[in-house]
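Structure first, commentary second.
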Amino acid sequence: MRSLLFIVARSLRQHLLSTIITVISAGLASGLVMSVFTVSEQSRTAFTGGDIGYDAVLGAKGSQLQLVLNTVFHLETSPGNIPWSLYQEVKGRGDVRYAIPYALGDNLYGYRIVGTTREIFDVFEFQNGEKFRFQGDGQPFDEGFQEAVLGSVVAEKLGLKRGDTFRPYHGLQYMPGSAPHQELYKITGVLEPTNTANDGVIWIPIEGIFRMDGHKLAGGTEEVERGAAIPDEWKEVSAVMLKYSSPIRGKFMQDEIRRGDSATLAWPIASVLGTFFLKIGWITKVLVYVAYLVVVVAGFGLLASIYNTMNERRREFAILRALGARKQTVFSAIVLEASAIALLGSLLGYLIYGGILFGSAMIIREQTGVVLDVTSVHPSLLWTPLGMVVVGALAGVIPAIKAYSTDVARTLA
Amino acid sequence: MPLLELRDVRRAFRSPDGEDQLILDVPSFEVEGGQQVAIAGTSGSGKTTFLNIIAGLLAPTSGEVVWDGDVVSGMGEAKRDAWRARELGYVFQTFNLLGGYTALENVTLGMMFGPGPDRAFATSLLERLGLADRLRHRPAQLSIGQQQRVALARALANRPRLVLADEPTGNLDPRFALEALGLLRELCREQGAALICVSHDPRVLDDFGDALDFAVLNRAMAEEPQGS
């Protein structure tokens, strides 16, 4: 065994450039496979993990998924609005612990501004048992003033802090060059990071959305005059986040809502997202197949790399045989060398995997606010390197057979 | 009992036109333990084939190579490999050093297939051969004469009982040829190893004094001149 390791180590050193290139290729393949499995699994878990602190989302007639993406992850556009009266109705139900309105229409440099009530800070749980907490001496907004509370990512990215002011921009997307609304909002606090999509949101009083300069109410027909009271029938919300006294109550409400024709209840949220991931599961499959293909290509690359050196190394093998090395020793040396390259590649693969995972986690956090658990260990972290070593060993077999069958006397002649 | 004995050893090769050509036909050849034998032969006379058959690198078409009472050609391949590593040292005409290994590694590598690596002994051999400051040099960084001495050290590293030398001075400057030969013979004597040295270099043959004529040893040469 010692002689084998000695021969392999010297060979790797002697063909250093080809070794490095092949190791990188194997590392990329290994890292890619581990990343695809881990990122897809982590994304699915993070988005459907069910650790959301409320049970259902009530919104306009349309897609449940769109409702969930809109309110839970603050993605997508709202499917429409529901009347204030419906919000008041569900809020007053005995089986509803809390109902928090969610109104959209503005942004600050791309960060979504959500109009809501103070309940978002007082009773709302963004995760089970977890309420928003303020950084430092931050405070919730006062519903009667133009005040705002910033998610931690918004504050960090825009460099805003308590006491600063800003003017919202109309729409959910920031259009460079567009003029902001006239209203000036004062920041009363910045929330502690929650590692959820809520970190990328700016919360303001719902009245602020209704009264924002240029906003039309009552189905886009009425605009509120400054200082005037807003009739309830003009008011609309994009969605209502609901927490029941018992989660199963969502089933009863869903049946009631379905009988009507004006709203949709997304319930249970995890199930809605699970369906979504089932629908886009083919993307993961395609990525997995691509990753496997990369492994196969890396395997062939390894084979070609070793095979190409065989002619120059045939004499080396003949010398080893003349010195007393057994045929099996030469065969094993080649297979071991290929396996060692694959193993080194797998070790490099962990670095590449780490890079891809952290990169993906950052992008996903930036885009959605959702944080992947980069410390979780997917089984692919074990079987991918093992599989890579097996692929490497198999790639070494053909060159090894060639070395095994070297005619010593003729080669040394 | 002789250390090495060849009995009616023949070796034929198939020619491109499909006919078997007899290259080697040695009815009898013996070497005693510690004996030093020089064999004179011209290039292409089958001397290397003769040595390769003794070393078990090439199987005879017929006949037997007997080592200390055991028929080498009757051993299994693995046993023959182990026997070669343990009992034989081989100095090739072109040295056949491994380019990716240092001088010391070239010597210890052969030991790995035999009794096991002994860096101290390998180092002492190389020092003895004047390569104390070249241990970590690779063959390409050594002169031809230095490469030859590394090859000598490698052949002797396992304390073999027989050393085969194929034109050991063929690639050497005349100034160093006799020096290298002297070292080889001296080290073989010190280790008690027998030596078979084939060469067409008159200086080598003169040094031995009583060289065997390969043309007499190999009856195939009498019938038809052949290439090795």
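Convention: sequence-line order gives letters A, B, ...; per-chain numbering from 1. Just so it is clear, the model here is predicted, and its values are computed rather than measured.
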So, the part of B/F92 with a heavy atom under 4.5 Å from chain A: the answer is side chain
When rounded to the nearest 0.5 Å, the distance separating CZ of B/F113 from CZ of A/R326 is 11.5 Å
If one checks every heavy atom of A/R315 against chain B at 4.5 Å, the contacting part turns out to be side chain
Between B/L98 and A/E316, the two heavy atoms sitting closest are CD2-CG, 3.3 Å
Whatever's closer than 4.5 Å to a heavy atom in chain B on A/R13 counts as side chain
(Q) Any donor-acceptor pair under 3.5 Å linking the side-chain atoms of A/R10 with those of B/T102? (A) no
Greatest number of non-hydrogen atom pairs under 4.5 angstrom with chain A, of B/M111, B/R80, B/R86, B/R138, falls to B/R138
Comparing B/N96, B/N52, B/I53 against chain A, the one with the most heavy-atom pairs below 4.5 Å turns out to be B/N96
Here the gap from A/I7 atom CD1 to B/M112 atom CE, rounded to the nearest 0.5 Å, amounts to 8.0 Å
So, the part of B/A55 with a heavy atom under 4.5 Å from chain A: the answer is neither
So CZ of A/R321 and CG of B/L57: to nearest 0.5 Å the spacing works out to 8.0 Å
- prompt: Can you check side chain to side chain contact (heavy atoms under 4.5 Å, CB included) on B/N158 and A/L323, steps first, answer last?
  reply: CA-CA 10 Å; B/N158 285 346; A/L323 292 175; over 6 Å; no
Note to self: I'd like to know whether CD1 of A/I398 has more than 12 heavy-atom contacts from other residues, nucleotides or ligands below 6.0 angstrom.
What the structure shows: no
When the 4.5 angstrom heavy-atom criterion is applied to B/R154 and chain A, the contacting part is side chain
Using a cut-off of 6.0 Å, state whether more than 12 heavy atoms not belonging to A/Y307 lie near its atom OH.
no
Okay, B/E105 and chain A: the region with an atom under 4.5 Å from a heavy atom over there is both
So, the part of B/L97 with a heavy atom under 4.5 Å from chain A: the answer is backbone
